[in-house]
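Numbering of residues begins at 1 and proceeds along the displayed sequence.
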Amino acid sequence: MKRNHPFRAAVAVLAFASSMTLGAFAQKHHTKAKSTAVTEPAPAAAEVQPAQETIDLGMYQRIMDEGLNHSHVMDYASALDDDIGPRLTGSPNLAKANEWTKNQLTAMGCANAHLESWGDFGMGWQQLNTWVRMTSPDSAVFIAQATPWSPSTNGPITGSVVHVNVKEEKDLDQYKGKLAGKIVLLGDMRAVPPVDKPLWTRYTDAELEAMTSYPRAGGGMPPNLKKRLMAYLKRRELMGKLMQFLADEHVTAIILPSRDGSDGGGSGGTFFDDNGTWLGPEPYKTQNRMKIPVVVMAIENYGRMFRLLDANVPVTVQMDVETKFTGDNEQGYNTIAEIPGTDPQLKDQIVMVGGHLDSWIAGTGATDNGAGTVVAMEVMRILNALHVQPRRTIRVALWSGEEQGIFGSRGYVKNHFGSYPISTAPDQMKLPEFLRKPAGPLTVLPEQKLVSGYFNVDNGSGKIRGVYLQENAAVAPIFAAWIAPLKSLGVTPLTMRNTGGTDHLSFDAVGIPGFQFIQDPLDYETRTHHSNMDVYEELSPSDLKQAAVVEAIFVYNTAMRDQMLPRKPLPTPKPMFDFSTPKPLPGVFPDAVEPPTPAPTSTPTTTPEKK
C-alpha cells in the first residue's frame with residue numbers, strides 16, 4: 001500500500017471502487033444469499049449511541065501487559081518473512097503462507113480457521129535466480145531482479161546493449177530491423193538526487209496536528225490528476241504495442257531502471273520491483289503473458305551503462321533469468337479465523353481485523369504487509385491468551401491479491417456483504433477496470449448489516465498514532481474516548497480524512513465502517529515499500545508491539561459495546577473520475593445565454609439509378 005503519493009493513492013481508490021463486481025471474481029465455491037438493492041442506511045446507522053463510552057481500563061491494562069511484555073509478534077514476523085519469504089499472489093510461497101497462518105491461528109485458540117477462495121487469479125510464478133553482469137568495456141556485477149511474471153532466459157545469455165526510448169508510437173520506426181539479439185535498456189536515466197533528508201522519520205506533533213484539518217487544503221484530487229491519468233492511459237496503450245514490437249524484433253531481454261523512493265531513497269542499491277515495472281496490463285493473465293525476459297536494475301548500475309552508450313562506448317552484458325510458472329489459473333485464497341461471540345443477542349454480529357498477506361518479490365514482504373499480517377495475528381493471540389469472551393464474534397481475515405487490486409478483500413466483500421456492477425459498454429471496455437463507470441445500484445447481502453467494523457494495518461512497521469475516520473463523523477467521539485487512555489502510547493489524532501490504497505476500502509464501499517490507522521512512516525515510503533530492502537531488519541519490534549496492543553483494544557471495544565459502530569449512509573455508485581469538461585451550473589448566471597442547439601444532421605437521399 002502506498003502511504004502518501006497523491007496520484008498512486010487516487011488510482012488505488014479508483015481501482016477498488018469502480019470494479020467491485022468483476023465477473024472474474026465470481027466464486028465457484030460459494031452459494032449466494034438472496035440480495036437486496038437498497039438506498040437507505042442499514043439499521044446500525046440509526047442505533048442510538050450512548051452519551052458516554054464505557055471503558056474497561058482493567059482490560060486495557062491486561063492487553064498492554066500481554067502485548068508489550070509477552071509478545072509473539074517478532075516470532076511470527078521471522079517465520080513469515082525469513083522462512084516463507086516473499087508471497088506473490090498465486091505463488092507457492094503464498095500458498096505456504098496461507099496454510100501457515102491458518103495453522104497458527106488454530107494453535108492460538110481461534111475457531112473455524114480456514115482458507116476461503118475469492119476466485120480465479122491467473123498464473124502462478126516464482127523467481128528462482130536472476131543475475132546480471134557487464135562483461136565489456138569492463139567487468140561488473142550488477143544489482144537486479146526479474147520483474148514479476150517475467151519468462152526465463154533459458155540459461156545464461158550474452159548480448160550487446162542498446163538504449164531504446166519510445167515516447168510515441170512513431171518512435172518505433174527508428175528501431176525496426178536493429179534490435180535482433182540485443183539486450184535493451186528501456187527508458188531514460190532518471191535523476192538521482194542527493195539524500196539530504198533523513199530516510200527514517202517519525203511524525204512530529206505539528207504534522208499530526210495538521211492531519212486533523214478537514215477538508216485538506218485545496219480539497220479533492222490534485223489539480224493535475226486528470227492530465228496524469230490521460231497520460232497514463234496513453235502510456236498503457238503504447239506499452240502493449242511496444243512490447244509486441246520488441247518481441248517481433250527478437251529482442252533477447254529488457255533491463256528497466258528502478259524508480260525512486262521518497263526523498264531520494266531509491267538509491268544506494270535499493271530498487272523497487274512492483275506493478276510499476278509491468279510492461280502491459282495484468283501480466284499474470286495467460287492472454288497477457290510476457291514474451292521477453294525483463295529485469296529491473298538498481299539505478300546506479302543502469303546509469304553506468306546508459307552513460308557509456310550515450311558516449312558511444314559499446315556495452316556487452318551477460319545475464320540469466322531463471323523463473324518458473326506453476327499454473328495458468330491459480331485460485332486466490334484468504335485466511336479466515338474467529339473468536340466466537342458469546343452474547344445470545346450479539347454473537348451473530350461481527351468485528352473484523354486484518355491485513356494483506358501477499359507481497360511483491362524483491363525483498364521478503366516484511367513491511368508490506370508482513371507487518372500488518374503479524375499484527376492482526378498478534379491481536380488474535382492476545383485476546384485468546386486473555387481468554388476474552390467477546391459479545392460479538394471477532395473475525396480475522398488475511399487477504400491475498402491486494403497488490404494487484406485489492407482482489408482478496410473485494411472478493412470476500414462481494415461474496416458476503418455486497419457489490420455493484422460496472423459498465424461493459426464498448427468504450428468502457430477500452431479502459432482499465434478502475435476507470436470504468438458503475439452500471440447499476442449497490443446491492444447488499446444479509447450479512448452486511450451484521451458487521452460492526454473492520455480495522456486494517458498496512459502502512460509499514462511504524463507504531464499507530466491515530467485513525468483515519470473515512471469521513472464518518474459519528475464515530476469520532478467514540479474513538480476519541482477509546483484513545484484517551486492511549487496517549488502514553490503515542491496515539492492522539494483522529495482525522496476525518498479518507499485514506500486509500502488498501503483493504504478497508506472494500507468495506508467502506510458497501511457501507512460497512514472500515515478504518516486504516518495512521519502510522520509513523522519510518523522508512524516505508526523512502527526505502528522499503530515494494531523494494532529489495534523490504535526485509536525483517538527494517539521492522540521495528542517496539543512499534544509492532546504497540547500497534548498490536550492498540551488494534552487489540554479497538555477490536556475488543558467494538559466487540560463489547562452495546563451498540564454497533566455508527567455508519568455513514570450507504571454510498572451511491574458513481575464514476576470516481578469524470579473525463580468530461582466541467583460545465584457551468586445551470587441557472588446560476590443571470591446573463592448567461594444558452595448555446596444554440598446543433599441542427600440535426602440530415603441523411604442525404606439518393607435517387608435510384610435509372611436502368
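Aromatic pair Tyr412/Trp118: ring centres not closer than 6.0 Å.
Tyr454 pairs by the side chain to side chain donor-acceptor pair (under 3.5 Å) definition with Trp399, Asn456, not counting sequence neighbours. For Asn498, the side chain to side chain donor-acceptor pair (under 3.5 Å) test picks out Gln470, Glu471, with sequence neighbours left out.
The existence of a salt bridge linking Arg133 and Asp320 is excluded, since no basic side-chain nitrogen approaches an acidic carboxylate oxygen closer than 4.0 Å. Using a 4.0 Å cut-off between a side-chain N of Lys or Arg and a carboxylate O of Asp or Glu, Asp120 and Lys285 do not qualify as a salt bridge. A salt bridge is absent between Asp310 and Arg307: the closest approach of a Lys/Arg side-chain nitrogen to an acidic carboxylate oxygen does not fall below 4.0 angstrom. Between Arg527 and Asp534, no side-chain nitrogen of the basic residue sits less than 4.0 Å from a carboxylate oxygen of the acidic one, so the salt-bridge criterion is not met. Taking 4.0 Å as the cut-off between side-chain N and carboxylate O, Asp503 and Arg410 do not count as a salt-bridged pair.
The closest donor-acceptor contact from the side chain of Asn334 to the backbone of Ala397 lies at 3.5 Å or more, if one exists at all. Ser400 places a side-chain N or O within 3.5 Å of a backbone atom of Tyr333 that can act as its donor or acceptor partner.
Relative ring orientation between Phe507 and Phe417 is described as tilted, the plane-to-plane angle lying within the 30° to 60° band. In this pair, Trp149 and Trp125 present their aromatic rings tilted. The plane angle is within the 30 to 60° band. Between Tyr524 and His529, the angle of the ring planes goes over 60°, which puts this pair in the perpendicular group of the 30/60° scheme.
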Problem set entry | Residue pair Glu99, Lys102: steps toward the salt bridge (charged side-chain N to carboxylate O under 4.0 Å, His left out) verdict | CA-CA 5 Å; Glu99 286 292 334; Lys102 181 189 72 173; 3.2 Å; yes

